[in-house]
Amino acid sequence: MRNSHDDAVEYIFTAYITLKNGKRIYAKQRGLKAFRIPVKRRK
């Protein structure tokens with residue numbers, strides 16, 4: 001997904017994510033160093 005220049009996006013990198021059911025998924029379990037989460041930048 002590509003964003004235009006108007007939709008500035010920053011990324012947060014984290015070693016794990018927690019699902020709605022409370023289960024944690026670690027990036028290393030998926031063969032990654034970290035998960036990349038896009039966050040819209042405030043103006």
Side-chain angles (χ1 to χ4, degrees):
M1 182 168 84
R2 293 186 180 203
N3 295 321
S4 66
H5 294 288
D6 296 331
D7 297 330
V9 175
E10 292 183 2
Y11 294 97
I12 296 174
F13 295 91
T14 183
Y16 64 88
I17 56 174
T18 306
L19 301 177
K20 290 181 180 181
N21 64 5
K23 183 178 179 182
R24 276 197 176 165
I25 298 176
Y26 291 89
K28 290 218 177 221
Q29 293 173 335
R30 305 289 181 188
L32 303 170
K33 288 185 177 183
F35 290 110
R36 184 174 79 162
I37 303 170
V39 178
K40 286 189 178 182
R41 187 186 306 175
R42 293 184 190 180
K43 290 187 177 185

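Heavy-atom basis, side chains included; hydrogens, waters and symmetry copies ignored.
- Taking OG1 from Thr14 and CZ from Arg36, the interatomic distance works out to 14.0 Å, rounded to the nearest 0.5 Å.
- Tyr11 and Val9 make their closest contact through CZ-CG1, 4.1 Å (heavy atoms, listed as atom of the first residue, atom of the second, distance).
- Hydrophobic clustering places Ile37 together with Ile25 (ILVMFWY residues linked when any side-chain heavy atoms are closer than 4.5 Å, directly or through intermediates).
- Within a 6.0 Å sphere centred on CZ of Phe13, other residues, nucleotides and ligands contribute more than 12 heavy atoms.
- Of all heavy-atom pairs between Glu10 and Arg41, the closest is OE2-NE, 3.2 Å.
- Side-chain contact between Phe35 and Arg30 is present, with at least one heavy-atom pair separated by less than 4.5 Å.
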